[in-house]
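A quick write-up on the structure given underneath.
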Number of protein chains: 2
Amino acid sequence: MKTIVAKKIGRRPKRKANSPDLSKAKIVAAALNLLDRRGLDSFSLRDVARALGVYPTALYWHVPNRNALLAEIVAHALRHVSPPTDAGDWRIWLRELFRRYRREVRRHPNIAPLIGARLVSNAGAGLELVERILALLDGAGFRGRSLVDAYNVVIAAKVGFVTLEFATPPAKGIDDWKGALERQLSSVQSSTYPTLARYLPELANRAFILRWENGADQPLDAAFESFIEVVLSGLAERLRKSR
Amino acid sequence: MKTIVAKKIGRRPKRKANSPDLSKAKIVAAALNLLDRRGLDSFSLRDVARALGVYPTALYWHVPNRNALLAEIVAHALRHVSPPTDAGDWRIWLRELFRRYRREVRRHPNIAPLIGARLVSNAGAGLELVERILALLDGAGFRGRSLVDAYNVVIAAKVGFVTLEFATPPAKGIDDWKGALERQLSSVQSSTYPTLARYLPELANRAFILRWENGADQPLDAAFESFIEVVLSGLAERLRKSR
DNA sequence: ACCTGAACACCGTTCAAGT
DNA sequence: ACCTGAACACCGTTCAAGT
């Protein structure tokens with residue numbers, strides 16, 4: 001009797017002293033940690049549960065399913081991409097946004113296959129950033145359909161390059177795959193592929209399609225900066241023409 | 001008796017009359033067909049085997065593993081992206097390349113998560129296209145590090161936008177996910193997100209992050225064309241500066 | 001050479017049961 | 001409310017065996 005009363009009146013019981021005390025935040029943190037270490041191909045809910053010392057099915061109280069958890073992981077990993085404070089020129093602001101985004105993804109490269117190629121992680125970051133980009137482009141002078149297009153160009157540029165740069169290597173049979181690629185490259189003849197043969201030293205493992213490591217091991221810094229400048233000056237050109 | 005002799009002497013026995021007669025080409029074709037209809041999330045080797053009327057393990061004689069098969073699928077789906085014949089200006093050629101690439105991906109939208117986000121499909125298309133792009137950029141005037149950067153910019157642009165545009169919606173719980181997104185958008189207040197609220201009709205389901213269908217149902221034609229022009233004029237600008 | 005067939009070590013998810 | 005525990009319907013892959 002007393003205990004029942006105490007339960008009803010006292011503060012929250014805390015279950016047991018050293019109970020796992022699961023929560024969505026803990027699950028997401030453990031899952032991101034696992035994803036960082038093992039990659040998406042070997043990521044499983046059962047491993048997450050194991051890491052938390054809990055039954056696999058316990059996760060389902062806090063998370064609806066695997067895809068939803070993956071979306072939460074992405075949102076959590078990118079929570080600090082929040083836009084920088086206003087700078088004068090819109091180009092400076094966008095440049096900073098692109099760099100910050102890449103910097104955050106680089107901290108958790110294994111989320112790359114989840115950001116560009118899956119719609120699930122869409123609005124995870126909230127609409128704050130969307131509003132800021134729209135306001136910025138509006139302020140720069142984009143209007144109507146031009147603004148919609150410019151917005152899509154910005155997002156595609158922001159996410160596209162980074163998704164490619166950190167694309168995950170195959171988990172299974174990586175050695176065979178690497179070997180095949182290296183053999184393919186080393187057998188390049190200047191008679192059949194003259195330009196490729198000439199530039200091969202600068203291109204091998206440092207250019208898309210011709211690499212066997214991703215941005216986690218071989219960051220494409222120079223290419224990324226070029227990409228930013230191309231997009232920014234291209235946008236500026238479009239703005240000039242639209243008036 | 002007769003049959004046995006005929007078997008030994010006659011041309012290749014064909015095993016049985018209506019035998020599956022498996023081959024890598026047949027497997028890839030069946031697999032792509034399945035991928036087109038069901039999506040990557042529900043794609044399985046066992047289903048491929050079922051479609052071919054064969055034991056799952058039979059596939060392993062022709063294909064080393066699942067990832068390798070996925071790479072073959074992508075290569076097969078994009079086999080017609082071969083570069084168009086030479087045009088005068090490098091910009092015209094690249095514009096045509098971008099459009100052709102998107103057109104082919106659009107025929108098999110479910111390969112999108114395999115192209116940008118997985119290194120496995122790297123050199124599947126062969127080095128022919130790489131050589132042509134390099135030669136084109138060299139001819140346009142890019143040299144040394146500028147050429148390497150320009151090449152990476154071109155590939156990132158070519159693959160990036162399309163990967164995003166055809167990013168796959170979540171297979172599980174799609175209704176919940178859609179509902180949540182639509183509710184989030186319909187609750188946008190002009191007091192908190194003024195620009196977003198103003199442009200919401202043009203943006204909803206027609207802009208990255210704010211859509212619940214991908215390019216297969218809602219193609220972003222205008223945005224794609226803008227993206228191309230931004231990249232091309234940006235590259236031209238860089239070329240001007242580099243001399 | 002090419003496929004069958006059994007087996008292994010996994011999955012995500014549902015649902016009843018406990019506390 | 002939150003977790004255990006059993007169970008279901010799957011996976012990819014290895015390996016021996018058949019023909």
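This one's a predicted model, so the numbers in the text were calculated from it and none came from an experiment. First the proteins, then the strands, lettered A, B, ... as listed; each starts at 1.
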Minimum-distance nucleotide to B/Leu45 side chain [options: C/dA1, D/dG12, D/dC2] | D/dG12
Checking all strands, does A/Asp41 fall into the base, sugar-phosphate, or nothing category for heavy-atom contacts under 4.0 angstrom?
-> nothing
For D/dG5, the nucleotide meeting Watson-Crick or G-U wobble distances (both under 3.5 Å) is C/dC15
If we take the P atom in both D/dA9 and C/dA9, what is their distance in whole Å?
-> 22 Å
Can you tell me how far P of C/dC11 sits from CZ of A/Phe43, to the nearest Å?
-> 11 Å
Nearest-Å distance for atom pair NZ/C1', residues A/Lys26 and D/dC3 = 14 Å
Under the ring-ring contact (aromatic ring centres under 6.0 Å, His included) rule, collect the residues that match up with A/Tyr151, sequence neighbours excluded.
-> none
Compare side-chain N and O positions of A/Thr57 against OP1 and OP2 of D/dT4 and report whether any pair is under 4.0 Å apart.
-> no
Mind checking whether A/Pro219 and A/Arg106 have side chains closer than 4.5 Å, heavy atoms only?
-> yes
Relative to the 5' end of DNA chain D, which residue comes earlier, A/Tyr55 or B/Pro56, by the nucleotide with the nearest heavy atom?
-> A/Tyr55
Whole angstrom is fine here: how far is it from CG in A/Leu69 over to P in C/dG12?
-> 10 Å
For C/dC11, does OP1 or OP2 lie under 4.0 Å from any side-chain N or O of A/Arg50?
-> yes
Would a line drawn from the ring center of B/Tyr193 to the ring center of B/Tyr199 be shorter than 6.0 Å?
-> no
In whole angstrom, give the distance that lies between atom CG of B/Leu52 and atom P of C/dC2.
-> 16 Å
Would you indicate what B/Arg66 reaches in the nucleic acid, counting non-hydrogen atoms under 4.0 angstrom: base, sugar-phosphate, or nothing?
-> sugar-phosphate
Answer whether the closest heavy-atom distance between the side chains of B/Tyr60 and B/Leu45 falls below 4.5 Å.
-> yes
Atom CG of B/Asp21 and atom P of C/dA1 are separated, to the nearest Å, by 16 Å
In Watson-Crick or G-U wobble terms, both distances under 3.5 Å, what is the partner of C/dC10?
-> none
Report yes if a side-chain nitrogen or oxygen of A/His62 is closer than 4.0 Å to either non-bridging phosphate oxygen (OP1 or OP2) of D/dC3; otherwise report no.
-> yes
Take the protein atom CD1 of A/Ile27 and the nucleotide atom P of D/dC2, then report the distance between them rounded to whole Å.
-> 11 Å
Gap between atoms CG and P, on A/Asn67 and C/dC11 respectively (whole Å) | 17 Å
Side chain of B/Trp61 (C-beta onward), nearest among D/dA1, D/dT4, C/dA1 | C/dA1
Calculate the interatomic distance between B/Tyr60 atom OH and C/dT4 atom P; express it in whole Å.
-> 15 Å
Which of C/dT13, D/dC3, C/dA7 is nearest the side chain of B/Arg46? It is C/dA7
A/Phe161 ring center near A/Phe208 ring center (under 6.0 Å) = yes
